[in-house]
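Residue numbers start from 1 in every chain, and the chains themselves are labelled A, B, ... in the order their sequence lines are given, proteins ahead of strands.
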Amino acid sequence: MLDIKLLEEDIGKLEQGLKKRCIDLLILEHLKTQSQLRKKQIQLTDNLKAELNKASREIAQLKIKSKTDPSIMDFARTRVTETRALGVKIHDLELELQATENKLREVLLELPNLPNASVPEGGDSSFNVEIKKWGELPKFSFTPKDHVDIGERLEILDFERAGKLSGSRFSLYLGAGAALERALIQFMLDLHTREHGYQEIIPPFMVNRETMTGTGNLPKFEADLFKTQVADRELFLIPTAEVPLTNIYRESIIEPGRLPIYFTAYSPCFRSEAGSYGKDVRGLIRLHQFQKVELVKIVEPEKSYGELEKMTQNAEKVLQLLGLPYRIVLLCSGDMGFAAAKTYDIEVWLPSQNAYREISSCSNCEDFQARRADIRYRHIAQAKPRFVHTLNGSGLAVGRAFVAVLENFQNENGEIAIPKILNRYLDGSPGFIKEGDQLWLK
RNA sequence: GGAGAGGUGGCUGAGUGGUCUAAAGCGCCGGUCUUGAAAACCGGUGAGGUCGUAAGGCCUCCGUGAGUUCAAAUCUCACCCUCUCCGCCA
């Protein structure tokens, strides 16, 4: 959520940022009108409330005095009658004020975050800027197969049966496939907790409306989510562990010395993928349910951009250790997510597509989510609370890492050389063949 | 699913219609004392909104929402959450 105070304090920043986001600036006029109306209504009702409080105290005094002096009773009754009308008036004004505040909040909740100054301006992904490339692209003396062909031949993936169970855009991992997916998860979690200093969390995979609103998934993107309704209880399946992790400190003030906070979590992620019909329908690339290891940071504002660089490096490290070639792209303003102020995408090389595909997205949301979720901190004891900055990144999307391993490390026979870093998780697992210190899927 | 108890400031906990402007203790901050620290003593100590250059004033917040009343932490209703016991269950 944007800071309404920017309207008065730095309208230029607001205009510039929203323009970069391709938002019609007319909305600002509406906000200004509502904001001024709100202040007037507050002043009016607060003054009347002060009057009411004063009258009530007066009546209390009169009642005490009337015990010794009955002649005051009539006067007290008159005062009560007079004050009654005041209460009714205040009630009406409060309803009006509430309506104004609701309208204001509705608009604010639908406005995206302002892009950081370093973010390139542009309406779509063609304006993204490649800033780094890592690794050698594999050279094949044959036409590389895609992960679906490889996986189904090895009998570690079965999309037909997944479709029978749940419909399109679901996956079924079998045997060594399931073990490989699990090994990737554990490898990523171990790396982030042991080497990078993240605390591992197992969060709820279903959350309530407030939690979804805190990270910015609601109210605007309800159509992207799976929702359950049991009795009168409404719950949403998380589209990423970012949602529960970031909301852990919702509506709280973090005491001095606790920041920075680093969380990592494995979770399944559920996305409706409405509006992506026909896109990536084949295989593991775009599913209603996929696995992901997520990174979340809660930090002091001054440090958030340094933390974004570090977090991106933490995600890169996973690909480096797996030996998978990738590049990093700085997203332009039009391609960034709703809550982000700056985003790096990490894209892994997929031979079957002859292209880099997103496998991680690392964002600094600055105080956008903190303001929505009311997450504050104290720099020192007694200091006035300030909003924290929140960051999130994939570390990594497990299914896509699985795809990248299958496709980059295949040979002509459709056999897969497993990255050695996974040996400790897979050595001895059924379906893996060992040659020297090299594990194979054959 | 059934029965019962309860939700008050950072924490413990008092408060059953009007000096509640929320007691007390703990914690925290500052000070006195001390070579230093502890103890003791003294003082201070929540969040948000709004007006104001400021000092400061006013308003709101006792799980959430609605209601009764001139006046609600306190009374009424609904909901949420926590705990205990029973049932079911991994």
**Prompt:** Of P385(A) and K49(A), whose nearest nucleotide on RNA chain B comes first from the 5' end?
**Reply:** P385(A)
**Request:** For L52(A), answer base if it contacts any base atom (sugar-phosphate contacts may also be present), sugar-phosphate if it contacts only those atoms, and nothing otherwise; contact means non-hydrogen atoms under 4.0 Å.
**Result:** sugar-phosphate
**Message:** Aromatic contact between Y173(A) and F402(A), with the criterion being ring centroids under 6.0 Å apart: yes or no?
**Reply:** yes
**Prompt:** Within the structure shown, what part of the strands sits under 4.0 Å from R376(A) by heavy-atom distance: base, sugar-phosphate, or nothing?
**Reply:** sugar-phosphate
**Asked** Looking for any heavy atom pair under 4.0 Å, which part of the strands does A50(A) touch: base, sugar-phosphate only, or nothing?
**Response** sugar-phosphate
**Message:** Mind checking if R77(A) touches a base, just sugar-phosphate, or nothing, with heavy atoms under 4.0 Å?
**Reply:** nothing
**Message:** Below the 4.0 Å mark, does C59(B) have OP1 or OP2 next to a side-chain nitrogen or oxygen of N53(A)?
**Reply:** yes
**Request:** Looking at every strand, decide which applies to R79(A) at a 4.0 Å heavy-atom threshold: base, sugar-phosphate, or nothing.
**Result:** nothing
**Fill in**
From the list P115(A), C22(A), P120(A), side chain to side chain contact (heavy atoms under 4.5 Å, CB included) partner of S333(A) resolves to P115(A)
**Request:** Would you mind classifying the nucleic acid contact of I42(A) as base, sugar-phosphate or nothing, using non-hydrogen atoms under 4.0 angstrom?
**Result:** sugar-phosphate
**Item:** Most 5' of E94(A) and A55(A) on RNA chain B, judged by nearest nucleotide
**Value:** E94(A)
**Message:** What contact category does K40(A) fall into here, base, sugar-phosphate, or nothing, at under 4.0 angstrom with non-hydrogen atoms?
**Reply:** nothing
**Request:** Report which part of the nucleic acid K5(A) touches: base, sugar-phosphate, or nothing (heavy-atom distance under 4.0 Å, all strands).
**Result:** sugar-phosphate
**N/O donor-acceptor pair under 3.5 Å between H389(A) side chain and E300(A) backbone** = no
**NZ/NE/NH1/NH2 to OD/OE distance under 4.0 Å, E8(A) and K39(A)** = yes
**Prompt:** NA contact type, S56(A), heavy-atom cut-off 4.0 Å: base, sugar-phosphate, or nothing?
**Reply:** base
